[in-house]
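Following: one structure in structure tokens, then a few remarks.
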Protein chains: 2
Amino acid sequence: MAVDTSLSERKLIILKAIIQNYLETGEPVGSRTLSKYTELNLSSATIRNEMADLEDLGYIFQPHTSAGRIPSDKGYRLYVDMLMEEKEQEITDREDAMLEKADKVEKVLQQAAKVLASNTNYATMVSAPINSRNTLKFIQLSQVDAEQIVAVIVLGGNVIKNKIIEVGETLSNENLLKLNMLLNTTLNGMSIDQITLGLIARLKEQAGIHSEVVGHVLDAVAEIIHVEDDMKIYTSGATNIFKYPELSDKQSAQEIISAFEEKQQLEDLVTETLASENNHGIQVYIGDETPVKTMKDCSVVTATYELGEGMKGTIGIIGPKRMNYEHVMKTLKTLQSELDAIYNKNPKE
Amino acid sequence: MAVDTSLSERKLIILKAIIQNYLETGEPVGSRTLSKYTELNLSSATIRNEMADLEDLGYIFQPHTSAGRIPSDKGYRLYVDMLMEEKEQEITDREDAMLEKADKVEKVLQQAAKVLASNTNYATMVSAPINSRNTLKFIQLSQVDAEQIVAVIVLGGNVIKNKIIEVGETLSNENLLKLNMLLNTTLNGMSIDQITLGLIARLKEQAGIHSEVVGHVLDAVAEIIHVEDDMKIYTSGATNIFKYPELSDKQSAQEIISAFEEKQQLEDLVTETLASENNHGIQVYIGDETPVKTMKDCSVVTATYELGEGMKGTIGIIGPKRMNYEHVMKTLKTLQSELDAIYNKNPKE
DNA sequence: TATTAGCACTCCCTTCTTTTGAGTGCTAAC
DNA sequence: GTTAGCACTCAAAAGAAGGGAGTGCTAATA
């Protein structure tokens with residue numbers, strides 16, 4: 001993303017002033033307003049000339065003739081990339097902790113979304129981390145009754161998966177014991193990715209192909225391990241978009257809120273964010289840049305957090321393009337490090 | 001709910017015509033329209049007289065002078081009551097199956113909400129059944145590593161609960177085995193309600209009070225069993241309310257959709273529905289009758305379904321007062337029996 | 001050459017007025 | 001008891017008028 005250096009210092013100042021003003025008021029910004037707002041002591045006429053240039057260059061535009069200017073996507077992009085007051089060094093003055101510890105990951109994430117929403121007044125989402133690079137810590141099959149076996153699998157970070165396996169034929173206690181031994185010795189410490197179908201096939205051989213039941217059970221185990229838990233996404237503040245007239249006409253509101261209700265599109269957003277290079281930083285999608293078409297009139301800011309063992313999740317904020325980028329990014333960073341803190345201090349709670 | 005018999009036959013016909021017409025159009029209904037709409041061949045003037053009476057009796061009202069009439073809550077109530085009496089026997093003509101089988105309860109319920117929403121064009125919710133009267137089928141503690149034990153509990157309907165228990169001190173294999181025996185023999189077949197703290201205390205004695213670890217583990221087990229899984233509620237079609245102008249101004253829309261996002265109020269609704277007497281039927285709340293104040297401008301129709309073993313859940317539809325009650329109630333009944341069918345045919349899948 | 005004052009022009013928004021039309025209530029006739 | 005007829009009401013739609021914020025352009029100024 002090369003910075004366009006063709007803009008004069010003065011144009012940059014004016015552009016910045018336009019954007020900041022527009023972020024505050026939500027109204028198109030006129031030349032007279034600017035001539036007071038900026039410290040360059042210029043008349044409105046001069047500023048008008050500069051504005052005309054900025055418009056030609058595509059950074060701002062008029063919603064209609066005889067209105068002030070508002071930033072275009074390109075303008076916002078420039079602003080986010082270089083004009084924003086960088087608070088980089090100020091991460092030290094951490095805000096008060098926002099999150100309370102809770103014993104269930106689920107609760108924490110739901111709360112994170114909520115806090116974020118009330119903190120920013122935008123719509124927010126938090127995705128639960130995905131397990132595929134997680135490792136297996138423990139596995140056990142137990143007989144529930146003659147026809148049911150329950151399989152329990154403990155992964156790193158104390159994630160537990162389980163399922164009931166229906167078996168036609170009773171498995172002897174002895175065989176079950178053997179199977180448990182075999183599974184634990186073989187699979188322990190492996191990551192989910194590593195447990196391939198080939199490996200399972202080899203296990204079947206070792207366990208004795210003669211038994212159909214065993215084969216069936218092993219297949220089921222493989223399935224449990226691999227069934228991607230569908231991505232859990234927690235949302236909050238979807239109705240915040242009603243606070244922004246540019247998003248709250250029926251059409252847009254319905255689309256955006258639907259996206260939050262159905263979650264499918266948010267999943268896409270998460271996938272995209274996790275796939276993107278810029279992984280530890282914060283990602284800003286302005287308007288059409290967004291991976292999710294429903295949000296092409298919004299800005300979307302996302303961050304990735306990590307719970308160790310390669311388990312990554314995403315935090316996202318969706319709001320109008322005239323979003324308070326500075327505040328949002330700062331808040332995201334804070335939350336990011338709080339999540340880190342919570343989960344690295346007591347990974348075993 | 002006794003039907004007000006003080007209304008003449010003719011008034012009833014007119015009222016019904018007014019309501020049906022209003023349900024279709026959403027516009028106030030005038031006397032001229034009615035004089036064509038009804039088969040009683042009456043002039044608009046006559047109908048006007050009857051309408052004036054109906055207004056005095058509180059069944060209809062004018063949004064403003066010189067407008068047609070709109071049903072009042074009382075009017076809707078009469079209509080719904082009448083409707084229910086009429087249709088009682090017609091449950092036989094089942095519609096096509098709407099639900100697909102799925103192995104996870106979660107999926108089925110989510111899908112149920114979705115189907116219902118697209119079928120009715122209202123906002124819908126389905127609450128997952130609550131387990132408190134469910135019985136314990138199987139319990140097992142297993143050593144994950146030196147400091148962790150995983151407890152797995154299988155309940156009726158194949159509901160599985162589990163948790164990792166942190167222990168300071170390693171529990172010997174032998175002791176664990178004993179404990180498992182004890183737990184299974186004692187608790188098997190009991191309902192969650194029956195497993196009291198007193199019972200746990202007695203268990204502790206039997207297991208040998210001397211061991212602190214054992215005490216700790218038993219406490220943890222009790223906790224797992226009793227921790228009320230917070231009520232899971234699946235929603236769909238919240239944005240359908242945008243289809244009804246009377247609900248889709250920003251204020252109402254925001255309130256209703258928030259209720260769907262936060263879920264708290266929906267929980268209240270479920271609680272209320274489950275507590276109500278009329279348990280196997282269908283409940284209709286019109287306007288102010290609703291247990292949830294946010295929905296005082298809506299009608300709410302709920303039904304209870306049962307998954308055996310006393311596990312009850314609720315299905316609900318939220319829409320404008322001029323809801324198509326007939327269709328909604330029919331659809332709810334169908335869904336109710338479909339849920340029954342799915343879970344009683346194959347309780348073990 | 002860069003800046004500014006001045007002015008005509010554009011177009012949105014608000015407010016006010018007018019028109020239209022659906023619907024009512026009442027009265028008098030059938 | 002029913003109906004035709006008529007005056008009246010009121011919301012919503014359609015114009016009409018004025019105000020105001022803002023622009024682009026030109027000509028004067030430093």
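Because only heavy atoms are used, hydrogens play no part in the values below, and waters and symmetry mates are left out as well, while side chains stay in. Each chain gets a letter, A, B and so on, in the order its sequence line appears, and its residues count up from 1.
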Checklist entry - Can you name the side-chain contact (heavy atoms from CB on, under 4.5 Å) partners of P320(A), sequence neighbours left out? => result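 Scan of P320(A) (side-chain contact (heavy atoms from CB on, under 4.5 Å), adjacent residues dropped) gives Y122(A), Y244(A), E246(A), L247(A), R322(A).
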Checklist entry - Pick the nucleotide of DNA chain C nearest each of R32(B) and E50(A); which residue has the one closer to the 5' end? => result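 The residue mapped nearer the 5' terminus is E50(A).
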Between [atom2] on [N] and [atom1] on [X], what's the gap in Å once rounded to a whole number?
| X | N | atom1 | atom2 | result |
| --- | --- | --- | --- | --- |
| D53(B) | dT2(D) | CG | P | 12 Å |
| R10(B) | dT2(D) | CZ | P | 4 Å |
| N49(B) | dA28(C) | CG | P | 15 Å |
| M51(B) | dG23(C) | CE | P | 9 Å |
| I14(B) | dT24(C) | CD1 | P | 12 Å |
| L42(B) | dC30(C) | CG | C1' | 16 Å |
| D56(A) | dT23(D) | CG | P | 14 Å |
| Q62(A) | dC12(C) | CD | C1' | 13 Å |

[X] vs [Y] side-chain heavy atoms within contact, under 4.5 Å:
| X | Y | value |
| --- | --- | --- |
| Y285(B) | E272(B) | yes |
| I315(B) | T124(B) | no |
| M125(A) | I317(A) | no |

Checklist entry - Which pairs count as side chain to side chain donor-acceptor pair (under 3.5 Å) when at least one residue sits in residues 19-32 of chain A, sequence neighbours excluded? => result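 Sorted result for residues 19-32 of chain A: S31(A)-R48(A).
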Checklist entry - Taking the side chain of T46(B) as its heavy atoms from C-beta onward, which of dG25(C), dT2(D), dG24(D) lies nearest to it? => result dT2(D)
Checklist entry - Quick one: which of dT3(D), dG23(C), dT4(C) gets closest to the side chain of S43(A)? => result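 Side chain of S43(A) sits closest to dT4(C).
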Item to check | S31(B) side-chain N/O to dT24(C) phosphate OP1/OP2 under 4.0 Å | outcome: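 Yes, within the criterion.
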Checklist entry - Just to confirm, is there a sub-4.0 Å distance from OP1 or OP2 of dG25(C) to any side-chain nitrogen or oxygen of R69(B)? => result yes
Checklist entry - What distance do L15(A) atom CG and Y76(A) atom OH have between them, rounded to the nearest 0.5 Å? => result 10.5 Å
Checklist outcome for this item: Readout for nucleotides 5-17 of chain D: B = base within 4.0 Å of protein heavy atom, S = sugar-phosphate only, - = neither; 5' to 3' it is B---BBS------
Item to check | Cation over ring face, K74(B) and Y59(B), 6.0 Å, 45° | outcome: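 Yes, a cation-pi geometry.
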